[in-house]
Protein chains: 2
Amino acid sequence: MKRSDRIAETLEGLIIDGTFADGERLDEVQLAGRFEVSRTPLREAFQRLAISGLVEQIPRRGVFVRQPGPVQLVEMFEVMAELEAACARLAAARISDEALEEMKAINARCLEAVELRDTDGYYYENERFHAILYRQSGNSFLQSECQRLHRRLTPFRRLQLRSRGRLSQSMAEHEAIVAALEEGDAQRAAAETRLHVAVQGEKFQHLMSSLRPAAE
Amino acid sequence: MKRSDRIAETLEGLIIDGTFADGERLDEVQLAGRFEVSRTPLREAFQRLAISGLVEQIPRRGVFVRQPGPVQLVEMFEVMAELEAACARLAAARISDEALEEMKAINARCLEAVELRDTDGYYYENERFHAILYRQSGNSFLQSECQRLHRRLTPFRRLQLRSRGRLSQSMAEHEAIVAALEEGDAQRAAAETRLHVAVQGEKFQHLMSSLRPAAE
DNA sequence: GTCAACAATCTTGTATACAAGATGGGCAGA
DNA sequence: TCTGCCCATCTTGTATACAAGATTGTTGAC
């Protein structure tokens, strides 16, 4: 149970970054050749991908890449918003001073990135911000569920950051979250966080509809 | 991809209902014989169980049943509470009159069950109540995530219902949820739902600690 | 007597062989 | 020429054979 793990991760990356197009069929024997293994470990990897929802296995037909459609993406962002809001709610009571300081430090670096128009730098700090939020929920199950969905939404979140004025807006939202956490105001921390993530979904949705107008 | 599906479901049931004890090793060849298949479909089933977290695969050692420990259970109930609260929040704006009526009807039947001390009957109606709540979130992704976790917590929820006076208390909580939904009060619907599920976790936790005092 | 090392055996992980279902093309009939 | 049926081929699903690592029991030495 080692080789199939690596293969699953690799394939997951290739699907997430769009190397495999939506609807494309993944050929067992071809990929087996590419990875220099037999079909067995590949099939194991396929199963994992199918459970994560990255591919669909149609019996006796094969596995096909399934990128989430616009509707499903909106739904996933909605759930992400609620999960992160839950993290914030719990973190408001549980967060350590140390983590709070770290979040502030991250926000400071984010501000620099905004001024430098450094989208990649901002992205990196943003990732850390959210990772800390998950962790400070004090609920490791919630943390891992958040990480799972977060990872799944990676490419779409990244896109959304490119939206005009989004960087500074995102920053402001981060600061509001930290402020609420510092005051221990669970209600507000949750609300601010929910808004922060929901906005991402909306921005993304807007971007999508402007990119492909009236697609199907 | 059919036989392994059925096997995975069967094994999942056997693990959830406690036929396989925590820590028990699942023998590939033995189970293959029992199901009258080769090791291949069994291994596929094992993988699925491993991803759902019901078993742990230790490389070159085998698969072992992993029942969640008390800490993890509390965490899972906490997440369940937040997910269901999210359903309620969304449902408050999206629920149909029809579904609302159905929830009221279920509560009426629940009341009967409470009076008859019919725990099983109550359990069944309770399941439907929550299923409708998930559905009425209007978010199919959220719905499936809720169903997944709900299913995982099944045996522990069931246990908790046996707690003294829990039935009528649960009923009252259901009514509060429906009332908030009817008014379209998202905030309150979420809060009531969160409480309702969180109480389940607490009741369960209490039950556990009374059953095995100072276990390890 | 106890501990350590080695070997035999068992179990998992991987490859390959085999079976069965699905698809597509070709052929025949209308 | 078009349509429908059948056969060939391809791909998946399953079984089995093979390889490699882990465990355990036995034997020998201290």
Side-chain angles (χ1 to χ4, degrees), chain A residues 1-16 18-69 148 216, chain B residues 1-16 18-68 144 148 216:
Chain A
M1 198 101 319
K2 204 169 52 199
R3 235 185 299 229
S4 62
D5 271 10
R6 283 209 345 269
I7 293 172
E9 273 180 45
T10 307
L11 287 177
E12 187 178 322
L14 290 173
I15 292 171
I16 283 179
T19 303
F20 292 119
D22 186 33
E24 187 173 345
R25 173 167 158 274
L26 298 181
D27 190 295
E28 281 185 14
V29 294
Q30 180 193 324
L31 287 170
R34 173 120 64 108
F35 287 107
E36 296 182 323
V37 293
S38 78
R39 281 172 52 216
T40 310
L42 258 173
R43 289 178 59 80
E44 296 193 348
F46 281 169
Q47 281 210 312
R48 292 182 40 167
L49 297 178
I51 291 170
S52 342
L54 288 138
V55 301
E56 187 182 357
Q57 277 183 318
I58 301 177
R60 295 275 177 201
R61 294 287 311 275
V63 307
F64 299 85
V65 177
R66 280 286 170 267
Q67 299 287 3
R148 197 169 55 94
E216 198 226 354
Chain B
M1 197 101 320
K2 206 169 48 198
R3 233 182 304 226
S4 62
D5 272 9
R6 283 206 347 267
I7 293 172
E9 273 179 46
T10 307
L11 287 177
E12 188 177 322
L14 291 173
I15 292 171
I16 283 179
T19 302
F20 293 118
D22 186 34
E24 188 173 344
R25 173 168 158 271
L26 298 181
D27 191 294
E28 280 186 14
V29 293
Q30 180 193 325
L31 287 170
R34 172 119 65 108
F35 286 107
E36 296 181 323
V37 293
S38 78
R39 282 172 52 215
T40 311
L42 257 171
R43 288 178 59 81
E44 295 193 348
F46 281 169
Q47 281 211 314
R48 293 183 40 168
L49 297 178
I51 292 169
S52 345
L54 286 134
V55 302
E56 186 181 358
Q57 278 183 317
I58 302 177
R60 296 274 176 200
R61 295 286 311 277
V63 309
F64 299 85
V65 177
R66 279 284 170 268
Q67 299 288 3
S144 65
R148 197 169 55 93
E216 199 223 357

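Below, chain A is the first sequence line, B the second, and so on; all start at residue 1.
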> Can a salt bridge be assigned to the pair Glu12(A) and Arg48(A) using a cut-off of 4.0 Å between side-chain N and carboxylate O?
Replying inline: no
> Starting at CZ of Arg43(B) and ending at C1' of dG13(D), how long is that distance when rounded to a whole Å?
Replying inline: 16 Å
>> Within the 4.0 Å limit for protein heavy atoms, which parts of nucleotides 15-24 of chain C are touched? Write it as a string from 5' to 3', B for base, S for sugar-phosphate only, - for none.
In response: BBB--BSSS-
> Tell me: CD1 of Ile58(B) to P of dG21(D), nearest whole Å?
Replying inline: 18 Å
> What's the CD-P distance between Gln30(B) and dT12(C), to the nearest Å?
Replying inline: 11 Å
> Roughly, in whole Å, what's the span from CD in Glu44(A) to P in dT12(C)?
Replying inline: 13 Å
> Rounded to whole angstrom units, what separation is found between the CG atom of Asp5(A) and the P atom of dT12(C)?
Replying inline: 17 Å
>> Is it the case that the side chain of Ser38(B) and the backbone of Thr40(B) share a donor-acceptor pair, with hydrogens and angles ignored and the cut-off at 3.5 Å?
In response: yes
> Rounded to whole angstroms, how far apart are CG on Leu31(A) and C1' on dT14(C)?
Replying inline: 17 Å
> Is the backbone N or O of Gly23(B) less than 3.5 Å from a side-chain atom of Glu56(B), with the two atoms forming a donor-acceptor pair by type?
Replying inline: no
>> I'd like to know whether CZ of Arg34(A) has more than 12 heavy-atom contacts from other residues, nucleotides or ligands below 6.0 angstrom.
In response: no
>> If I take atom CZ in residue Phe46(B) and atom P in nucleotide dT12(C), what distance separates them, rounded to the nearest angstrom?
In response: 8 Å
> Below 4.0 angstrom, N of the basic side chain to O of the carboxylate: do Arg3(A) and Glu44(A) qualify?
Replying inline: no
> Under the criterion side chain to side chain contact (heavy atoms under 4.5 Å, CB included), which of Leu54(A), Val65(A), Ile7(A) is the partner of Leu49(A)?
Replying inline: Leu54(A)
